[in-house]
Amino acid sequence: MRLIIFPITNKTFPIHPKLTAEQASAKLGPKVKASGKPKLELHNDKLVYAFPVTGIEGVSHVYANARTGAGEGIDYNL
């Protein structure tokens, strides 16, 4: 039997966002329009707002960092 030990990482996440959903949505860009209520989620180890969007063909959601407003990714309609 072989024992594999993984290092333990202590990651801390902000419990509360620094930006409101409205402040983060203002940074989405001129072609992107939020089409529903955003959800606060963890995405790639970051606290983000997940915005359902319209305005870009094939894109269903845009993720905006809840602390900085920076874009953190998109989801495509499949």
Side-chain angles (χ1 to χ4, degrees):
M1 177 187 241
R2 186 174 175 190
L3 180 64
I4 300 173
I5 300 174
F6 295 98
I8 297 173
T9 57
N10 183 11
K11 293 185 178 182
T12 58
F13 295 101
I15 296 173
H16 300 287
K18 186 173 181 181
L19 301 176
T20 65
E22 292 78 22
Q23 290 169 321
S25 70
K27 299 184 180 212
L28 290 179
K31 293 184 180 180
V32 179
K33 296 184 186 198
S35 63
K37 196 170 188 179
K39 293 181 182 178
L40 200 55
E41 301 179 355
L42 286 177
H43 181 74
N44 295 332
D45 293 337
K46 295 182 181 172
L47 187 63
V48 299
Y49 287 107
F51 291 96
V53 297
T54 59
I56 300 176
E57 187 176 339
V59 175
S60 63
H61 288 81
V62 173
Y63 298 96
N65 189 299
R67 296 183 53 81
T68 66
E72 295 291 346
I74 58 175
D75 276 345
Y76 295 96
N77 293 325
L78 298 176

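The shown structure was predicted, so the numbers you read here are calculated from the model rather than taken from an experiment.
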- Would you name the heavy atoms of A66 and L40 that are closest together and state the gap between them? CB-CD1, 3.9 Å
- Between L28 and L47, is there a shared hydrophobic cluster once you connect ILVMFWY residues whose side-chain heavy atoms come closer than 4.5 Å? yes
- Message: Under 4.5 Å between side-chain heavy atoms, counting indirect links through other Ile/Leu/Val/Met/Phe/Trp/Tyr residues: same cluster for I74 and V48 or not?
- Response: no
- Message: Minimum heavy-atom separation for A64 and G69, please, with both atom names.
- Response: CB-O, 4.2 Å
Check: residues 51-63 side-chain donor-acceptor pairs under 3.5 Å, at least two apart:
| from | atom 1 | to | atom 2 | distance (Å) |
| --- | --- | --- | --- | --- |
| S60 | OG | D75 | O | 3.4 |
| Y63 | OH | D75 | OD2 | 2.6 |

- Task: Check K27 against T68 and note the closest heavy-atom contact, atom names and distance.
- Result: NZ-O, 3.5 Å
- Note on the structure: In terms of heavy-atom contacts, A24 and Y49 come closest through CB-CD1, 3.7 Å
- From the options E72, H43, K18, select the one residue that forms a side-chain hydrogen bond (donor to acceptor under 3.5 Å, both in side chains) with N65. E72
